[in-house]
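Convention: sequence-line order gives letters A, B, ...; per-chain numbering from 1.
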There are 2 protein chains.
Amino acid sequence: MNLKELAAHLNLSQTTVSRALNGFPEVSEATRKRVADAAEQHNYRPNTRAKALATGRAMAIGHVIPVSAQHEMVNPIFGDFIAGAGETYAKAGYDMVLSLVEDDKQEKAYRDMAAKRNVDGIILHAPRMADPRIDLLREIGLPFAVHGRASEVDGPYSWLDVNNKSAFQRATQFLLDLGHRRICLVNGLEYMDFAWRRRAGYLYALENHGIAADPSLMFAEEMTESYGYRTVMQTQALADPPTAYLVSSIIPAMGVRRAVEDSGRRMGREISVITHDDDLSYLRNSGEVPQFTATLSSVQDAGRQLAALLLDQILSVPNHMPTRLLEAQLTVGTSTGPAPAPASSSAPSSA
Amino acid sequence: MNLKELAAHLNLSQTTVSRALNGFPEVSEATRKRVADAAEQHNYRPNTRAKALATGRAMAIGHVIPVSAQHEMVNPIFGDFIAGAGETYAKAGYDMVLSLVEDDKQEKAYRDMAAKRNVDGIILHAPRMADPRIDLLREIGLPFAVHGRASEVDGPYSWLDVNNKSAFQRATQFLLDLGHRRICLVNGLEYMDFAWRRRAGYLYALENHGIAADPSLMFAEEMTESYGYRTVMQTQALADPPTAYLVSSIIPAMGVRRAVEDSGRRMGREISVITHDDDLSYLRNSGEVPQFTATLSSVQDAGRQLAALLLDQILSVPNHMPTRLLEAQLTVGTSTGPAPAPASSSAPSSA
DNA sequence: GAAAGCATCCAAAGCGCTTTGAATGATTGC
DNA sequence: GCAATCATTCAAAGCGCTTTGGATGCTTTC
């Protein structure tokens, strides 16, 4: 059933039917009712493609998700983020179109999306430092919003980010307050902006405490479970092993826990662990007292909010670039405790 | 830049330009070249919406992802599945449109998708036993393919599934061969078809061995980490606790491991664990010898293959309903070992 | 009672593409 | 030399919707 048929069926013009359904004022309540009933009865839905062509609005938002060719990895936090965003879109009547793209084909993917005109806006994922995609999207002229931020990119754009620096600074401070001095950073890839900011927070707290950073305690890799495991195994073999780990995601944190236990130590006793926790639905930091002490910030909620920010930008005045900075919550669990009595813990390794 | 402008620029008709770009034979090689060059130079991409309207093909596949309202959960395996599917789509020039929908709004979501005509086909996720959505999609008439199968649904439809029954039967058999008699099933929700089949495999192996199933050792819940943890804690408190666990996903399996270790036991010694392993990219069952003995089947690969199956169905003759049954690989890791010497292990609890 | 205003409704153009049916020359066959 | 064939190209219709710019008939106003 299409508009023409519906109109014919009602002995009305397409114009009137269209207006009745879209809530224009110049149609009598009687006919509006009649039209609505008939549409309902025949399960009429306007053809999106025709509507999009006529209005110039696609009623869809694009997500370009980078897939690194080497790793073939899909970050599980995307799942939760997208669930949040999808919820917002659904409420606003928007669709979500996903494009999984290898790193080196990103530019083409964005240009294509814009030229093909099948989305009204784009969510930019996983921004890097000085990410060139931001300028690219500006040039293309499609509205966009960034999940995270890109340092060293000037000018306004719409974004939503967790205050990663402050979160990791506080977490480091927390460990320092417990007496830990050898704190290992198990970070994500540091060309990612979020990881870079976390590192900055970590370094800042150390510096404030007069502790020099030890490069042999700073790691940056793709955040897998086995990365967490390997890192602990490796660092516990050091002459002066860390007493605490600061981890970038609950996934490597699980590997960290496994390694701690495999090596006969206990979390919260010999070794303390703090992790960032995206509150992933299938990997909740559970327990009456949470398992991990964590910097908590729901990525699903971030999805909801960023989607709303983008829609806001699309629907409102042109040069409106809303941004939002979320503070992570430092929640105390069972994975942290005072630093063990210094067996041979001399002064920090190097001034 | 649109077709009209490009044609004007070239002093050609829209017809010729369109045909040149779409590889029709009735255009001279000289002009085809000229057109292609100009298109390239002006970065011309046909407007998808117009093209879709004119051709009747949307060049997009829809995924309706159920989100249970109570749990607000997004199964992380979707992430990997979608990565696989997305890869196939990208190669074929298709987009992927995602629709996250609450359980009770599914029917409407499917009908809307069909009526709005913005996808050419649908992937059906997480089928339940006797899933009504299959008949619904048949009625709607949109091509579709199912990730999994639905028992008790007659007639042909396109699907791809892992042989869940055989996988869990073999896994159970493997544990029985090691001498385990109290084997706990940590299953997914059993209205899900895959979970139901796994249970069937488990029961079949037990029965073959003359062992009566013990309802107090059979669990079925949403597959979270904490579910695995709780289940082990609870069952180890039984008078006659299980010596082995058969787990439905690596996520609860991690909770199982945590509980095993928290209760002072060791995986592969006092307690054996086999898990199904979807080969999730961030949660690989890693190690030279894998951590878990597992029934392995890559869900990302499933995504790739099922997407291809659906495209095949869309592009080929009408009543072609391809299906594929994958066998999971039983890979032996460090989490299984012979059953501990029976301390008080009497005969199975009930005949 | 004619002019003006109002409430409803409609015909037709247009969104950017594909595709049908023809036109235009150039080439061939006899 | 003229009809028939072939290789190119084009004008225009159509996909299903929105939207512009009238129509149409009724009330109101003075």
Given the side-chain rings of B:Y89 and B:H63, with only the six-membered ring counted for Trp, is the space between their centroids under 6.0 Å?
yes
Between B:T55 and A:N11, name the one whose nearest nucleotide on DNA chain C is closer to the 5' end.
A:N11
Salt-bridge contact A:D135-A:R138 (side-chain N to carboxylate O under 4.0 Å)
yes
Give a yes/no answer on whether the side chain of B:S28 brings an N or O atom under 4.0 Å of OP1 or OP2 in D:dA7.
no
Assess whether a salt bridge exists between A:E139 and A:R111, defined as any Lys/Arg side-chain N lying under 4.0 Å from an Asp/Glu carboxylate O.
yes
Walking DNA chain D from its 5' end, the first of B:V17 and B:A54 to be reached, judged by nearest nucleotide, is B:V17
For the pair made of CZ in B:R32 and P in D:dA7, what is the distance, rounded to whole Å?
14 Å
Should the pair B:D301-B:R304 be classified as a salt bridge under the 4.0 Å nitrogen-to-oxygen rule?
yes
NZ/NE/NH1/NH2 to OD/OE distance under 4.0 Å, B:K108 and B:D112
yes
Decide, yes or no, whether a salt bridge links B:D131 with B:R128 under the criterion of side-chain N to carboxylate O below 4.0 Å.
no
What N/O pairs connect the protein and nucleotides 22-28 of chain D at under 3.5 Å? Give each pair on its own line.
none

Go through DNA chain C in 5' to 3' direction and return only the first and the last nucleotide with some atom under 4.0 Å of chain B's heavy atoms.
C:dG16 to C:dG21
Find which nucleotide of DNA chain D each of B:Q14 and B:L53 is nearest to by heavy atoms, and output the residue with the more 5' nucleotide.
B:Q14
Just N and O in the side chain of B:T15: are any of them under 4.0 Å from OP1 or OP2 of D:dC10?
no
Test item: A:F78 and A:V299 side chains (from C-beta on) under 4.5 Å apart, heavy atoms:
no
Are more than 12 heavy atoms, taken from residues, nucleotides or ligands other than A:R117, located less than 6.0 Å from that residue's CZ atom?
no
